[in-house]
Amino acid sequence: MSSADGQADADVKGMAVESGNLPAAFTSFVGRRHEAAEIRRLLGAGRLLTLTGVGGVGKTRLALETARTFGKAFPDGVWLVDLASVHDPAAVTATVAGALRMPDLGVRSVVDQLAAYLMRQRALLILDNCEHLVDACAGLVKALLSAAPELRILATSRHTLGVTGEHVLAIPPLPLDEAVALLRDRATAVHAEFAVSPPNQTEVARLCADLDGLPLAIELAASRLRGLTVEQLADRLEDRLESRFALLSGGCRTAPRHQRTLRGMIDWSYELCAPAEQLLWRRLSVFVGGFTLEAAEGVCAGDGIDRREVADLLDRLVAQSVVLTCEVEGRRYRLLEIVRRYGRERLTDSGAEGELRVRHRDFFLALAERIDRHWYRAGQVENLARLRVEHANLVAALDCDAAPRAGLRLLAALCWHWCAGGFLSEGRRMLERALTAAPEPTPERAQALLAAIWVAQTQGDLTTADRWLDEAGTLGEWLGDPAVRVQVAGFRGVSAHYRGRPAEAIERYAEALAAMTALGDERQSVSWLIALTCAQAYAGDPGVSETSSRMIVAAEASGERWGRAQVLMALGHDAWTRGDRERTEDLARSALEYMRGFDDYAMVARMLELLAWATAVGDAHARAAGLLGAADALWRDAGSSVAAFGPQMTAHHEHCERTVVAALGQAAYAVAFADGGGHGGHGGPGRAVAFALADRIDADADIDVDTADAVSPLSRREREVAALVAKGLSNRQIAAELVLSPRTADRHVENILAKLGFRSRARIAAWWTAGQVSRVVGARER
């Protein structure tokens with residue numbers, strides 16, 4: 001070491017340490033309690049923490065506000081280094097030295113002087129706005145942390161620094177309640193009479209949601225409330241992108257230029273991206289409501305981006321806080337709406353928007369057709385969940401004006417999404433709109449008509465369904481398409497079934513099943529097998545035993561659930577008409593077990609009806625009223641009613657209602673009915689299924705048992721289960737033998753163990769065998 005360097009070290013070490021340079025806050029700090037606590041925790045656990053997040057999310061303000069709370073934790077000060085205006089990477093070190101007020105002493109590099117200056121200090125260094133100087137910041141941070149063991153560094157950046165030991169905390173947009181609180185605080189500063197109250201709270205929530213919960217956007221919007229109402233501002237923000245950016249301007253004049261307006265902030269982020277990253281950003285803007293990696297690869301690859309590059313480019317956009325990640329049905333990605341609109345504007349300017357919209361539509365068409373083609377297999381719930389989470393993308397794909405025939409194909413392929421996924425009324429509206437817009441006699445129109453017929457029949461609108469059936473029949477003849485003709489004939493059977501003509505329905509279903517089997521259409525064959533089974537069960541046709549067995553065996557082999565649930569429900573109706581209350585309840589509950597995860601409002605409502613009838617006969621009248629209420633709420637949400645499924649259903653419903661009202665009285669019935677409606681109307685079919693299967697009313701004491709088993713505590717169904725346990729059958733085998741769901745079989749075995757006080761299946765088998773021996777001996781003695 002030279003004498004000059006040694007003197008510099010001595011001078012540096014002997015300097016008085018100042019307490020920091022944090023600027024005073026001009027406005028109150030709103031929300032972010034969780035994030036602030038996490039910053040304190042991570043800085044206690046490590047020495048380098050980087051706050052990442054999209055521009056305008058409030059990283060700098062959060063870092064400063066949290067730093068102010070450290071107090072005595074850093075006796076050598078908390079120092080802010082603002083790098084926003086620094087453009088030369090070589091100037092980073094000098095900027096840090098200047099912020100620390102460190103004199104330039106000696107002939108060593110500034111990095112070495114900084115390291116010596118901070119060597120024995122317990123200080124917090126805030127490096128703000130590092131995203132455009134990541135490499136330079138990373139090198140300096142590594143050097144300083146290596147030299148100064150008591151130093152902590154808090155960085156804000158849209159890109160991680162990539163230094164060993166770095167902790168990263170992604171700062172999300174504000175949740176709605178904190179966004180509203182921020183808007184209220186900033187708006188009252190410019191307009192003292194502003195308040196969030198019942199008359200405007202809905203519009204305030206809409207405004208904050210439209211602004212993506214971005215603090216910068218909210219503060220800029222608040223300044224506009226001097227002369228605009230919340231509703232006027234929210235309406236104007238829905239206009240084209242330039243209007244939105246014009247409104248969201250006028251930030252603090254002392255802030256860096258790119259932080260004064262939302263446009264400047266996003267321009268800054270875009271300019272920091274490499275050309276390939278900018279290209280992917282533009283293309284990703286075609287997605288609405290998020291996307292998967294598979295979707296990004298399928299839509300965005302090509303013409304400058306190799307498919308193998310998409311994952312890496314996407315990861316780089318995530319690292320720069322342009323793209324956000326979330327866990328919804330697996331890993332998904334999304335762009336904040338203002339970021340997406342910015343990318344869409346750039347995409348439009350590039351002249352590639354039309355092509356990307358077609359790619360987007362074709363990707364989701366392929367997805368929908370794949371799910372439709374392989375519906376009767378395992379994974380139905382997962383497939384519906386995938387379509388549900390992609391609903392916004394599906395709607396956007398249907399709005400693509402190019403090739404209306406492809407739109408009709410997509411609508412038809414989404415039939416399960418409409419009918420079994422919880423979008424029945426929306427599917428009806430979209431089908432009607434598309435059929436009106438594309439009247440040409442094409443194969444795609446025929447398929448869309450068939451989907452529309454199913455939707456209308458499920459809603460009980462048989463008049464419209466019949467009109468569409470007539471058109472589809474004529475179109476099938478004109479196209480010479482035998483599959484369309486068969487489908488039309490089968491759907492005429494559905495109308496007959498719902499009008500109370502079961503014999504006609506059975507005949508038409510059987511013909512459709514045979515014809516589709518001959519055509520080799522497995523998907524449609526299974527559909528008509530289910531329909532035939534159900535019609536036979538409702539009509540008391542003895543052929544139901546053979547057809548239901550075929551369906552259940554096939555479902556067991558494939559893992560299919562939706563069709564199996566329908567068949568179990570139909571067999572429950574058959575048991576009901578034969579007076580077997582206990583079997584009806586078991587089958588209804590088994591059907592509901594299989595419906596867990598589906599959002600099929602109409603089918604779950606039918607199952608709740610069936611369970612209510614059986615429950616009412618078991619004298620659990622309040623429970624039955626609740627089930628009727630839950631079913632009624634689902635009927636309303638589906639735009640349908642119990643009457644849509646035929647006069648037999650209506651008659652049983654009315655009889656059940658009269659029985660329950662007579663037992664409870666009108667007032668008590670209304671209370672229980674409304675309570676059940678709360679379970680059906682909030683949370684949809686999922687909550688209604690949970691309500692129906694929870695807190696089972698044990699009516700075993702009300703069931704007559706055979707004289708030979710008068711002393712047995714088990715119900716008739718439980719004795720059947722015990723007999724099969726004694727034969728060595730597993731619960732799954734018992735479920736198959738008695739046509740129950742595995743969960744229902746599990747419950748019966750658990751009830752048997754509890755009633756008999758046993759702990760093992762072996763004890764059940766021994767008990768049953770001993771009882772059989774006793775009966776044989778008693779019979780011989782008699």
pair [X]-[Y]: side-chain heavy atoms closer than 4.5 Å:
X	Y	result
Leu62	Thr60	no
Leu42	Leu169	yes
Leu284	Leu314	yes
Leu324	Leu336	yes

(request) Determine, step by step, whether Thr50 and Thr156 satisfy the side chain to side chain contact (heavy atoms under 4.5 Å, CB included) criterion, reporting the C-alpha distance in whole Å, the side-chain angles of both residues, the deciding distance to 0.1 Å, and the verdict. (result) CA-CA 6 Å; Thr50 302; Thr156 73; over 6 Å; no
(request) Decide side chain to side chain donor-acceptor pair (under 3.5 Å) for Gln320 and Glu131; before the verdict, give the C-alpha distance in whole Å, the side-chain angles of both, and the deciding distance to 0.1 Å. (result) CA-CA 8 Å; Gln320 295 178 74; Glu131 52 271 338; over 6 Å; no
(message) Determine whether Glu65 and Arg61 satisfy the following criterion, salt bridge (charged side-chain N to carboxylate O under 4.0 Å, His left out), listing intermediate values before the conclusion.
(response) CA-CA 6 Å; Glu65 192 66 27; Arg61 183 63 193 276; 3.7 Å; yes
(request) Apply side chain to side chain contact (heavy atoms under 4.5 Å, CB included) to the pair Glu297 and Arg308, showing each step before the final yes or no. (result) CA-CA 8 Å; Glu297 291 172 334; Arg308 293 168 296 184; over 6 Å; no
What are the two closest non-hydrogen atoms of [X] and [Y], and how far apart are they?
X	Y	result
Tyr117	Gln121	O-NE2, 3.0 Å
Gly290	Asn393	O-ND2, 2.8 Å
Ala63	Ile126	O-CD1, 4.3 Å

(request) Would you mind checking if Arg341 and Glu345 are paired as a salt bridge, meaning a charged N to carboxylate O distance below 4.0 Å? (result)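 Result for this pair is no, no salt bridge flagged.
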(message) Salt bridge or not between Arg359 and Asp303? Use side-chain N to carboxylate O under 4.0 Å.
(response)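 Yes, charged N to carboxylate O under 4.0 Å.
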First locate atom [atom1] of [X], then atom [atom2] of [Y], and finally report the distance between them rounded to the nearest 0.5 Å.
X	Y	atom1	atom2	value
Leu214	Leu174	CG	CG	8.0 Å
Leu365	Leu410	CG	CG	5.5 Å
Leu280	Arg316	CG	CZ	9.5 Å
Leu384	Phe423	CG	CZ	10.0 Å

(message) Test side chain to side chain contact (heavy atoms under 4.5 Å, CB included) on Arg186 and Ile218; report intermediate values, then the result.
(response) CA-CA 8 Å; Arg186 300 303 191 257; Ile218 291 170; 5.7 Å; no
(message) For Phe287, run the side chain to side chain contact (heavy atoms under 4.5 Å, CB included) check against Arg334, His360, Arg340 and tell me which one passes.
(response)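 The residue from Arg334, His360, Arg340 that satisfies side chain to side chain contact (heavy atoms under 4.5 Å, CB included) with Phe287 turns out to be His360.
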(request) Go through Trp79 and Leu124 one step at a time and tell me if the side chain to side chain contact (heavy atoms under 4.5 Å, CB included) criterion holds. (result) CA-CA 6 Å; Trp79 301 89; Leu124 174 64; over 6 Å; no
(request) Could you walk me through whether Glu390 and Arg332 pass salt bridge (charged side-chain N to carboxylate O under 4.0 Å, His left out), step by step? (result) CA-CA 10 Å; Glu390 298 290 8; Arg332 286 181 66 79; 2.8 Å; yes
Between side-chain atoms of residues 134-151 and protein atoms elsewhere (two or more places apart, or another chain), which donor-acceptor pairs fall under 3.5 Å?
| from | atom 1 | to | atom 2 | distance (Å) |
| --- | --- | --- | --- | --- |
| Ser146 | OG | Lys142 | O | 2.8 |
| Glu150 | OE1 | Arg122 | NH1 | 2.7 |

(request) Report yes or no: do Tyr342 and Arg282 form a side-chain donor-acceptor pair below 3.5 Å? (result)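 No, no side-chain donor-acceptor contact under 3.5 Å.
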(message) Could you check whether His132 and His159, counting side-chain N and O atoms only, form a donor-acceptor pair closer than 3.5 Å?
(response)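 Short answer, no.
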(message) Is there a salt bridge (charged side-chain N to carboxylate O under 4.0 Å, His left out) between Glu353 and Arg357? Walk through the geometry before answering.
(response) CA-CA 6 Å; Glu353 181 184 17; Arg357 290 192 67 187; 5.1 Å; no
